[in-house]
Structure formats: structure tokens, C-alpha cells
Amino acid sequence: MSEPAATDDKTSSPPPPPAQHKSWADEADDDAEAANETTAPTTAVPSSSSPSLNVDELSIDENKKPPKLLDDPEDSNIQAVTSGDTPYTSAATFEDLNLSAELLRGLYVEMRFQKPSKIQAISLPMILNPPHRDLIAQAHNGSGKTTCFVLGMLSRVDPSVQAPQALCICPTRELAIQNTEVLRKMGKHTGISSECAVPTDSRDSLPIQKREPIKAQVVIGTPGTIKKWISFKKLGVTRLKILVFDEADQMLAEDGFKDDSLRIMKEIEKFNSSCQVLLFSATFNDIVKNFVERTVKKDHNKLFVKKEELSLDAVKQYKVRCPDELSKIEVIKDYIFELGENVGQTIIFVRTRQSAKMLHKSLVDMGYEVTSIQGALDHEERDKIVKEFRDGLTQVLISTDVLARGFDQQQVNLVINYDLPIKHTAEYTREFEPDYEVYLHRVGRAGRFGRKGAVFNLIYDEKDERLMSKIENHFGTRVSEVREKSVEDYKAALKEAGLLQ
DNA sequence: GCGTTAT
């Protein structure tokens with residue numbers, strides 16, 4: 001048995017209340033309430049097996065009282081605050097986690113992992129051991145967060161129960177598909193079933209009303225489809241033991257998926273107050289951090305990283321000053337493509353769907369083999385473009401921020417910011433603000449798991465200059481300039497980044 | 001701006 005708590009949970013979970021709740025289809029009137037919900041869930045009921053909780057510990061000001069630190073690997077800068085008296089020991093090996101033999105086989109044979117990464121070593125004991133407290137976990141891009149929650153879902157599922165027991169919600173279709181693939185690979189020998197809940201180009205698929213209820217033990221998907229499946233009673237929530245939000249800061253941000261996410265959380269809570277909630281992301285700005293801490297149960301555990309320590313040292317950042325918009329294309333094809341030909345794959349990020357199309361056309365017309373992806377494409381087309389890139393059939397992919405977060409392709413060594421990411425605020429603002437979180441996530445598409453990488457930020461006017469220097473200040477990093485027409489500068493940059501001999 | 005359901 002991989003996990004003693006599986007049987008324990010069965011005895012401690014309350015019987016499901018009568019299902020007399022109305023479905024979402026007819027409760028649009030609850031929207032305002034859901035949108036304004038800022039208080040923590042009122043039903044923070046610990047499972048009957050939990051030791052006495054020191055809830056006060058969580059409400060303290062972190063600056064006044066030193067947090068309890070776990071044993072801290074030398075180069076780790078993850079701050080852990082644990083709730084109550086439960087001692088957690090960092091896992092030096094996967095064996096330390098009491099995983100099933102089938103799961104260990106998945107980790108070693110299928111995934112080829114050797115030992116837990118830092119975030120895995122620290123977070124997995126918190127996720128897997130009773131009393132299964134909620135967890136907010138921040139860790140660097142490419143540091144192995146997916147494994148944390150995938151392993152958490154796989155090992156908390158009771159294989160003998162054929163009903164959804166783990167649910168993971170992701171901001172994009174691509175990320176949901178990727179996470180499903182990771183789970184299937186890692187769980188290959190466990191026999192655990194899974195379903196990916198993302199929209200499909202209707203034609204071939206049965207309308208939702210005619211479909212059988214989901215029996216898969218793990219469901220991973222995007223908010224709209226998950227909401228729909230729940231509201232049509234095709235996805236039961238009563239047996240859920242673990243709920244995961246990937247890219248949780250975006251999933252709970254005001255301009256993100258906050259309403260959908262809270263709606264789903266509340267629906268699950270109605271039937272199932274003991275469901276463990278995991279929130280994972282590389283970024284949590286102060287506003288969303290404050291909010292998410294009030295969204296999960298009070299006795300949650302948390303892991304955070306200081307923003308100054310969040311940039312990846314292995315990925316070098318550069319800026320190129322371009323005299324006009326058109327010269328950005330020249331820089332890309334004449335310098336970055338020429339010199340970066342053999343450095344691996346490249347993602348070029350743009351701000352709008354339209355510029356993705358235009359840049360794509362320009363480069364294709366000039367004879368370059370590039371593809372592009374953005375949300376206006378058909379689902380099938382999106383899947384095809386991603387597959388071709390994953391298979392290495394394309395070297396250069398132009399993308400909107402649909403791929404800014406989570407997209408894991410280890411051969412990506414070069415990221416080009418054709419446009420810098422900007423924050424949109426509802427109000428009129430004096431000045432453009434960079435979207436620091438998106439910037440960091442884009443950078444994180446290179447340098448997966450400690451690999452080398454470089455980012456070229458294309459700057460062309462005063463607005464870009466200001467955005468760039470704000471980004472430098474925010475992360476306390478220096479972004480050195482590569483002169484637009486200096487082959488030597490590009491070479492030196494790629495050498496410094498470790499991508500060129 | 002970008003992202004996310006389908007009737």
C-alpha cells in the first residue's frame with residue numbers, strides 16, 4: 001500500500017449530503033457573490049486523524065516571528081512555513097516517500113528520475129502525509145513542480161474506487177494536455193485512469209448530455225470544460241480527495257480565472273469539505289499571494305521564494321535596441337537565427353494574435369521555416385503545431401502568451417521577446433506596467449531543469465526602455481545590451497549563455 | 001492586451 005491515509009480517509013470523510021443543489025446552469029444570480037468572495041472557507045474541518053492544530057501559527061506576521069524552516073539544502077532559497085505540530089522531513093530519495101512499487105517504477109523507468117528535486121523533496125512529504133493539509137507552493141520555473149502535484153494525485157488515489165478522486169485545473173488547453181501526458185507516463189504501471197477535460201472541435205465528439213459520467217480517477221483540464229462537466233453532472237465531486245491548481249496565481253487572479261476557480265472550489269466544498277487543495281506556481285505577486293492565503297484552509301502549509309531570487313541564473317538575459325519595428329525582424333533573421341542555428345529550439349513571444357500572424361507571415365515569406373500558435377486557431381491546429389514543435393520538426397515557434405506558462409520543451413534554449421509583456425489594468429494608468437510574472441514565465445521556457453538558455457528582449461522605443469528597466473529593477477537583475485548590428489555582441493552573448501563554443 | 005465553454 002502506497003499510502004496509509006487512503007484507508008484512513010475513507011473512514012473520516014463525511015457521507016455525501018443529498019444532492020439537491022441546483023446546477024450552475026441556472027444560478028447566474030450567484031455570480032456576484034462568487035466574485036466578491038474573499039474570506040476563507042468557513043468549513044476548515046481537519047480530518048479526524050489530524051493532530052491538534054496550532055492555527056494561530058498561520059495568522060502571524062511572518063516578519064515578526066521566524067518561520068519554521070525545514071532542513072534547507074545548501075542552494076535552496078525556498079522558505080517553508082508549516083502549520084501545527086506535524087513534523088515534515090525532507091525526502092532525500094523517492095523511497096523516503098512510501099510510494100507504491102508501481103509508482104517508483106514510473107519515476108525511475110518511465111521518467112528516468114533519480115532523486116527528488118528541492119521543491120519535490122520539501123513539498124512531497126507535506127502533500128502525501130496525513131493530515132493532508134492544503135499547500136501553497138512556489139518554486140522556480142523548470143524546477144519540477146509538475147511532478148509534485150502529479151505524484152500527489154497518483155499516490156492519493158485509491159485504485160479500487162472507480163470515480164474521480166483527483167482534479168487538476170490549468171489555464172490553457174496545452175498545459176492540461178501536457179500535464180495529462182506526464183501523469184499517464186508517471187502512472188503507467190499503476191493502472192490509474194485519467195481523463196483530459198479540454199474543449200474539442202465539436203464534430204467528432206458526443207454532445208455532453210449524451211455522454212456517460214466520468215469514471216476516470218484523475219481529471220486534468222481547463223476551467224470551462226471542467227465547469228461544464230460538473231454542471232451537467234458528468235463529473236462527480238463527492239469522491240475528490242485532492243484538488244490542484246496549476247499556475248495557481250493566474251487561476252486565482254482577478255483578471256485571470258478567479259471566478260471560475262472559486263466557483264469550482266465552492267462546489268467541491270459543498271459536498272466535500274476535506275478535499276486537499278494544492279496551489280502551485282513559479283509566481284505569486286503580493287496581491288494574489290494575499291488572496292490565495294485566504295482562499296485555502298487556515299491550517300495550510302506554504303512555500304515561497306523571494307522575488308529577487310526567482311530569476312533563473314542559468315538563463316542569460318539580453319536586450320537589443322532596434323531603431324524601428326521593422327528592424328526587429330531583421331535582428332531575428334540576420335543575427336539571432338544565423339548565429340543561433342544550432343543552439344536548440346526557439347520560442348518568439350508576441351503580444352497579440354495579430355502580430356503572431358504577421359510575424360509568421362513575414363518570416364515564412366522570407367523563406368524561414370517557422371510556425372505560430374495563438375488562441376484563435378482551431379483546437380486541432382493548435383495540437384498539431386505543438387506536436388510538430390515537440391517532435392523537433394520545427395525549430396522556431398512564434399507564440400502569444402498561450403505558451404508563456406508551463407510549456408515544457410527541454411530543447412528550447414532561446415526565448416525572444418518580440419514584445420515585452422505588459423500588464424493591463426482596468427483603470428486608466430499614467431504609464432504601461434510590465435507584467436513581471438509573465439516575463440518570468442516566458443524566460444522560464446528556456447533553461448528547463450537547470451539547462452542553459454538565453455533571452456533576447458527586442459526594444460524599440462521609450463516605452464520599451466522603461467518597461468525593460470522596470471523589469472531589471474523588479475528582479476534586481478542586469479540585462480546587458482547587445483548592439484543591434486554587432487555580430488560580435490551576439491556571439492559573445494550566446495557564448496556567455498553557454499550556447500556557443 | 002492574452003487566456004477560457006457551448007448552447
Side-chain angles (χ1 to χ4, degrees), chain A residues 23-28 31 35 168-179 196-211 219-235 245-264 267 281 283 288 347-359 372-379 382-383 386 398-407 417-429 431-442 445 463-464 467:
Chain A
S23 79
W24 287 334
D26 49 35
E27 63 174 15
D31 274 355
C168 173
I169 310 178
C170 316
T172 63
R173 170 191 178 77
E174 283 69 23
L175 199 47
I177 293 169
Q178 177 180 290
N179 287 338
C196 187
V198 295
T200 48
D201 297 321
S202 47
R203 257 190 253 355
D204 38 52
S205 56
L206 221 54
I208 184 72
Q209 294 94 330
K210 294 185 179 171
R211 264 184 267 178
V219 176
I220 301 177
T222 47
T225 304
I226 288 172
K227 232 171 58 174
K228 187 174 143 197
W229 287 10
I230 294 178
S231 68
F232 278 90
K233 309 257 183 262
K234 300 299 179 187
L235 171 56
F245 287 94
D246 193 8
E247 307 299 341
D249 61 326
Q250 187 187 6
M251 298 310 296
L252 288 158
E254 198 78 57
D255 70 337
F257 298 99
K258 183 175 169 183
D259 293 356
D260 284 344
S261 298
L262 289 180
R263 201 71 166 271
I264 294 167
E267 182 70 10
S281 183
T283 52
V288 76
I347 299 181
I348 304 176
F349 284 107
V350 295
R351 198 169 57 84
T352 66
R353 294 170 173 185
Q354 192 57 30
S355 34
K357 282 183 224 164
M358 283 171 53
L359 182 59
S372 71
I373 186 171
Q374 34 90 4
L377 298 182
D378 293 347
H379 298 136
R382 284 167 65 162
D383 293 348
V386 167
I398 299 163
S399 177
T400 59
D401 285 325
V402 66
L403 292 190
R405 286 170 172 259
F407 184 72
N417 282 323
Y418 187 88
D419 303 304
L420 289 170
I422 54 177
K423 207 167 269 177
H424 95 285
T425 42
E427 314 142 37
Y428 291 94
T429 49
E431 179 165 304
F432 287 103
E433 276 290 303
D435 193 323
Y436 301 110
E437 287 71 39
V438 170
Y439 178 81
L440 201 69
H441 283 278
R442 286 180 177 185
R445 291 323 94 211
K463 185 187 97 181
D464 286 346
L467 291 170

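Letters A, B, ... are given to chains in the order of the sequence lines, protein chains preceding strands, and every chain is numbered from 1.
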Checking side-chain contact (heavy atoms from CB on, under 4.5 Å) against A:Val402, which of A:Val386, A:Thr172, A:Leu377 comes through? A:Thr172
Would you tabulate the side-chain donor-acceptor contacts of residues 348-355 of chain A under 3.5 Å, counting partners in other chains and residues two or more places apart, or write 'none'?
unit_1   : atom_1 : unit_2   : atom_2 : d
A:Thr352 : OG1    : A:Ser355 : N      : 3.0
A:Thr352 : OG1    : A:Ser355 : OG     : 2.6
A:Ser355 : OG     : A:Thr352 : N      : 3.3
A:Ser355 : OG     : A:Thr352 : O      : 3.2

Name the residue closer to the 5' end of DNA chain B, choosing between A:Gln354 and A:Gly224 according to the nucleotide with the nearest heavy atom. A:Gln354
Just to be sure I understand the rule, does A:Gln250 reach a base, reach only the sugar-phosphate, or reach nothing, if contact means heavy atoms closer than 4.0 Å? nothing
Does this structure show an ion pair linking A:Asp383 with A:Arg173, if we count only N-O contacts that are shorter than 4.0 Å? yes
Using side-chain hydrogen bond (donor to acceptor under 3.5 Å, both in side chains) as the criterion, list what pairs up with A:Ser372, not counting sequence neighbours. A:His360
Mind checking whether A:Lys463 and A:Leu420 have side chains closer than 4.5 Å, heavy atoms only? no
Distance check needed: B:dG3 C1' versus A:Asp255 CG, whole Å only. 10 Å
Considering only heavy side-chain atoms of A:Thr400, the closest of B:dT5, B:dG3, B:dT4 is B:dG3
Distance in angstrom units between A:Leu235 CG and B:dT5 P, rounded: 14 Å
Starting at atom CD1 of A:Ile373, determine the distance to atom P of B:dT4, rounded to an integer number of angstrom. 9 Å
For the pair made of CD1 in A:Ile177 and P in B:dT4, what is the distance, rounded to whole Å? 10 Å
In whole Å, I'd like the distance from the CZ atom of A:Arg382 to the C1' atom of B:dG3. 8 Å
Integer-rounded Å distance: B:dA6 P and A:Asp260 CG: 13 Å
If you pin A:Thr172 and A:His379 to their nearest nucleotides in DNA chain B, which one's is more 5'? A:Thr172
In whole angstrom, what separates A:Asp401's CG from B:dT4's P? 11 Å
Given B:dG3, B:dA6, B:dC2, the nucleotide with the shortest approach to the side chain of A:Val402: B:dG3
Phosphate contact (B:dG3 OP1 or OP2) by A:Arg405 side-chain N/O below 4.0 Å: no
Checking B:dT5, B:dG1, B:dT4 against the side chain of A:Thr225 (C-beta onward), the nearest is B:dT5
Here the distance between atom P of B:dG3 and atom CZ of A:Arg442, to the nearest Å, is 12 Å
